[in-house]
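For reference, the structure discussed in these notes is given below.
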Amino acid sequence: MTTDTFQPWWKRQLRKHWKWLTFGLIVFVLGWCSGQGTSSGTSDPHAGHNHAPASQSSAAAPKKKTIWTCSMHPQIRLPKAGKCPICFMDLTPLQDDGGEKNPRKLAISEATKALAEIRTSKVMRRPVSMAVRMVGKVAYDETLVKTITAWVPGRLERMYVDYTGVRVRRGDHLVKIYSPDLLASQQELLQALKAWKQAQTGSRLTRQTARLGLEAARRKLSLLGLREWQIRNIEKRGAPLERINIYAPLGGIVIEKKAMEGMYVKTGTHLYTIADLSKVWLKFDAFERDLPWLHVGQSVTFQTLAMPGHSFTGKIVYIDPVLNSKTRTVSVRVNADNKDGLLKPEMFVKGSVMVSLNAKGRARPPEREGRYVCPMHPEVVSKRRSRCTICGMRLERIKAKKQGDDRDPLVIPATAPLLTGKRAVVYVEVPKSKKPTYEGREVTLGAQAGDYYVVRKGLTEGEEVVTHGAFRIDSELQLQARPSMMSLSSPEKKNDFGVDSSRPKLAHKRLKLLTPIYKSYFAVSQALTKDNPKATLQALRTLKRRIQALTVLKGNARERWARRRSPLFTAVSRNLRQTKIADLRRLFETLSHEVIELERTIGHAGMKAYYLTYCPMAFNNRGAYWLQDKKDVRNPYFGKSMLVCGSTKATYAGRDAEPVQPPKRFLRSLSRLYKPYFGLQHALFKDDLKTSWQELKRFQKALGQRRRGLLPFAMRRRWLLLRKTLQEGVTKAKKKKDIEVIRKGFYDISRGMLQLVFVFGHVEKTPVYETYCPMAFNNTGAAWLQPQDKQVRNSYFGAKMAFCGTVKRRFSSRLQSTSSTPQK
C-alpha cells in the first residue's frame, strides 16, 4: 500500500488533474478581464466610435492632484499627506465638489439640499416699515400753565381754594382780600360818580370832564382786578366794599399754592399756579441712533401702565437740537389731547413711531409739503396762509424736500444674512446650474424693518438668497477649507503699520510731551514679560494719568493727537478693570494697536528707534503686534514661558533721526570725520592696535571742531545729539589701549556714524555701505560703515572672521544724488 492511499481525496484529484485545473483558471481570468473592459462601454453606445489617439485622450483628462487638509484647521492645504503643522493630526484628502474655480461656491445634490432643508427667497422691492420705540413721561402743556398773582397789596382774609389739586373754572372765586388801595380806589369811583351827576346841570365842558374822570376811576378798578359787575354793584351800593373777592382768570387744576390765609401780600405776589390738562405734552427720549428716522409731524402711538390695552395718539411737534451728553438721547415732544383726563403728568409712557422707508432705506417724512406752519409753534399747521392762533405770527409755507428715489426699498428676509458684527454675508443660488449651487457674497445692509433687511449694495432684484440653511452651507465651506463667512477678505484684518507719509512737522519740545506716554507703555509691556499683574496695573494707572494730563498737543499734530487720545484712554481704562494676567494680555493687544497708530501718525522725539514686533503664536496662532524700545524680543503675550518668541517687522526712527538736507559747507566739513573713522575701521579689520589708536585720536580731534554755526537753527539740535553719541563712543574706546576695548567703543561710534550718514549724508567720492555682522558681541549683532566696495571687512573680529557679515544699505553722496534717503 502506497502513501497516496492515506491522503485525502481532494489532494489525490488535484495531483491527478492539475493541468486541466490550471488551464481553466487561466481562461477564467482572461474572460473576467475582457468583461471588465467591455462593461464600461456598454453604458455608452458611442464608446466603440472613439477614434481619438490615446495620447489625446489622456491629455484631455489630466489627473487631478490630491490636496490634503486638516479637519481641525481647514486653512491648511498641502500637496502631500502628512501631519498638520499646527496640531500634528493626520491630514485627510480634500473632497472636490467641482467648485474650485470659485472657492466661495458650493454645489450639492438635490438629496443633500432636501436633507439640509435649504430654502430660498427672492430679492424684491416691497413696502416695509420699521418701529422706532421711545420711552418718556407725561408733562404739562407749558403754554397752558398760568400763574395767578396779587394785583394789589393787602391782607388775604379768606382763601377759597385752600389746597392743590382743586379743579377751578374761569370766573370761580379764589380769595377774599382787604386792600387799602382798593378801598381808596372805590372812594375815588364814588367821588367821580357824584361829580358826574352834579355836572349834568352844568356846561358841556363840565359834563365831559366829569365823564372822563368817572371812566378813569372805573378803568383803574378794572386794572386792579375787579370785574365790571363788581364795579356796577359798588356804584349802586354807593359805599365802598372793605373786602373784595378775586376771581380766576382761567380754568384748570391748581398745581401749586404759594400763599396762606391771613398773609399780607404785595403786588405781584405768587398766589396759585393753574394748569389746563385738556392738552398735555409727552416728552420722549429718543436714542442717538434713532434720530434719522424721526421727523416733525409724524404720528406717535403710546401706552401707559395705568390704562393697559388702551392706546393714545399724538404728533411730534418738536425735536431738541441739542443731544444730552450723559444719556446720549434727544428730547422729542409730542402734543396729545386729554379731554377725558386719563393722562396724568409724570406718568411713564411707551411710544412707537412707524416709519415707512424709501428706496434708499431712509424714512419718508410726513406729507406736510404745501401747508403753512408757525415758526414758533410748529403744532399750528394750516392749509391756508393765515396767522398763528397762539402768538399771532404769520404762517410760513413748508417747502418740499428732495427725496430722490421714492420707490419701495430692495429687501431680503431677516433670516438670510449671516452677521459677524462688521459685515454681512448671504448665500445666493446660482441660476441655470446642473446641481443646486450657492455662492457666498458680502453685502451692505441698511436698517432692519420688521422681518426684512434693506439691501444697499451687493444684490439685485430677482436673485434668490438662502433664507434657511445658510449656516449649514457656510459650515460645509469651512470643512472644505474654502473661504467662508469667517474668512472673507476684509480690509480691517490687514495690519498696515507703515509710517504715515503725511506726518506733520512738529517741534521737538512739542513732540517730547509724548515721551512719558511711550515710557509708561513700555513699562506695561515689561511688567507683562515678567508675568506681574500688580506691576502691570500700576504702570497702566501711570499711563492713564499721563494721557489725562496731556489734553492738547499744540502745533500741527493737534488734531491727530485729539483723534488718538480718546481710543488710548478707552484702552487703558478697560485694562484697569482686569486683574488676571491673561485678561491683561488680551486687552494689551488693543492698547498696543493704539500706541502703534500714535507712532505711525505722529512719531516720537529723539534719535532712538522703536521696533514693531510680531508674535505669530499669540492668541491661538492668530498673532499679535506690539511696540518695543529695544531690538531684543521680549514677548509680553507669553511672558517667561516664551520670552523671545517673535520677530521685528519694522523700525520706527525718532523724528530727530529723519533725513534732512543740510548746507553743502556743513557736508564738506563732515569729511574730516569720515576719513579718520574709515581709517579706524580698516585698522580694526587688520588687527592693527597702533594705527587704531592713532585714528581714534584723529577722530576725536575732528569731532571737537565747531560746526554748529554752519547749520540752520532747526537742524542744530540733531547735530548736537549725534555729536553726544559720538563723544560717548570715543570716551568708551579710550578707556584702555586695548584692541578689544577699542572695538567696544567702535560699536557706539558706528551707531552714531550710521545715524549721521542717514540724517545728514556725506560727500565722499564713492558710496559708503552699512555692513552688519550677526555674530558680533556674543551673537547680539553689530553694524558699521565701510567705504570700500561691497566686500565685507569685519572690524569686530579682524583676522578671526575677517569677511563675516552682509551689506545692508548703500549711501550715495549727497552731491551726486538729490535723494536724502538711503538706497537698499
Side-chain angles (χ1 to χ4, degrees), residues 102 104-106 113 116-134 286-295 297-301 316 351-367 369 400-433 436-475 477 483-486 488-490:
N102 190 338
R104 292 196 180 96
K105 279 186 180 180
L106 179 68
K113 177 182 177 181
E117 299 181 351
I118 296 176
R119 293 192 291 270
T120 61
S121 178
K122 280 190 176 183
V123 182
M124 65 176 68
R125 293 189 180 274
R126 57 163 295 164
V128 293
S129 59
M130 59 180 294
V132 178
R133 307 191 185 279
M134 303 178 290
F287 289 107
E288 187 176 357
R289 64 173 181 269
D290 295 332
L291 291 181
W293 314 112
L294 299 177
H295 298 280
Q298 288 175 326
S299 296
V300 181
T301 304
I316 297 177
S352 62
V353 181
M354 295 305 296
V355 181
S356 178
L357 305 182
N358 61 12
K360 294 184 178 180
R362 298 175 183 173
R364 287 191 174 100
E367 295 181 358
E369 292 80 3
K401 296 182 179 179
K402 294 182 179 180
Q403 297 300 323
D405 194 352
D406 200 43
R407 295 179 298 169
D408 290 327
L410 194 68
V411 297
I412 58 174
T415 58
L418 300 176
L419 306 176
T420 64
K422 291 186 177 181
R423 62 176 181 264
V425 176
V426 297
Y427 284 96
V428 183
E429 186 174 11
V430 179
K432 300 179 180 179
S433 299
T437 306
Y438 303 97
E439 178 184 8
R441 193 181 301 175
E442 189 171 354
V443 296
T444 303
L445 299 179
Q448 182 177 3
D451 296 333
Y452 297 91
Y453 272 108
V454 176
V455 179
R456 302 188 65 130
K457 188 189 298 184
L459 293 172
T460 58
E461 188 175 359
E463 288 186 305
E464 293 277 348
V465 293
V466 177
T467 57
H468 186 273
F471 192 78
R472 294 187 179 96
I473 297 174
D474 189 82
S475 302
L477 287 174
S484 68
M485 175 191 71
M486 310 304 291
L488 280 173
S489 60
S490 176

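Position 1 is the first residue of the sequence; numbering continues from there. Not measured: the values here are computed from a predicted model.
- Under the 4.5 Å side-chain criterion, counting only non-hydrogen atoms from C-beta, V123 is in contact with L410.
- Tested against V426, the residues T467, V455, I412 include a single side chain to side chain contact (heavy atoms under 4.5 Å, CB included) partner, I412.
- A side-chain donor-acceptor contact under 3.5 Å links R441 to the backbone of G458.
- V355 places a side-chain heavy atom less than 4.5 Å from the side chain of Q298.
- E429 pairs by the side-chain hydrogen bond (donor to acceptor under 3.5 Å, both in side chains) definition with nothing, not counting sequence neighbours.
- For the pair V128 and D408, the minimum side-chain heavy-atom distance is 4.5 Å or more.
- Qualifying side chain to side chain contact (heavy atoms under 4.5 Å, CB included) partners for S433, counting only residues two or more places apart in sequence or in other chains: V430, T437.
- Here R456 pairs with T444 under the side chain to side chain contact (heavy atoms under 4.5 Å, CB included) rule; sequence neighbours left out.
- To the nearest 0.5 Å, atoms NZ (K457) and CD (E442) are separated by 10.0 Å.
- Residues L445 and P417 meet the side-chain proximity criterion, which asks for heavy atoms closer than 4.5 Å.
- Considering only heavy atoms from C-beta on, I118 stays 4.5 Å or farther from Y427 through its side chain.
- Not counting sequence neighbours, the partners of V454 by the side chain to side chain contact (heavy atoms under 4.5 Å, CB included) test are L357, P409, V411.
- E117 pairs by the salt bridge (Lys or Arg N to Asp or Glu O under 4.0 Å) definition with nothing, not counting sequence neighbours.
- Here the OG1-CZ distance, from T415 to R119, works out to 8.5 Å after rounding to the nearest 0.5 Å.
- Every side-chain hydrogen bond (donor to acceptor under 3.5 Å, both in side chains) that R126 has, sequence neighbours left out, goes to Y452.
- With sequence neighbours excluded, the residues satisfying side-chain hydrogen bond (donor to acceptor under 3.5 Å, both in side chains) with S356 are R364.
- In this structure T120 satisfies the side-chain hydrogen bond (donor to acceptor under 3.5 Å, both in side chains) test together with E464, sequence neighbours excluded.
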For the pair R407 and E461, evaluate salt bridge (Lys or Arg N to Asp or Glu O under 4.0 Å) and give the outcome as yes or no after the intermediate values.
-> CA-CA 13 Å; R407 295 179 298 169; E461 188 175 359; 5.6 Å; no

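- Taking CD1 from I473 and NZ from K113, the interatomic distance works out to 9.5 Å, rounded to the nearest 0.5 Å.
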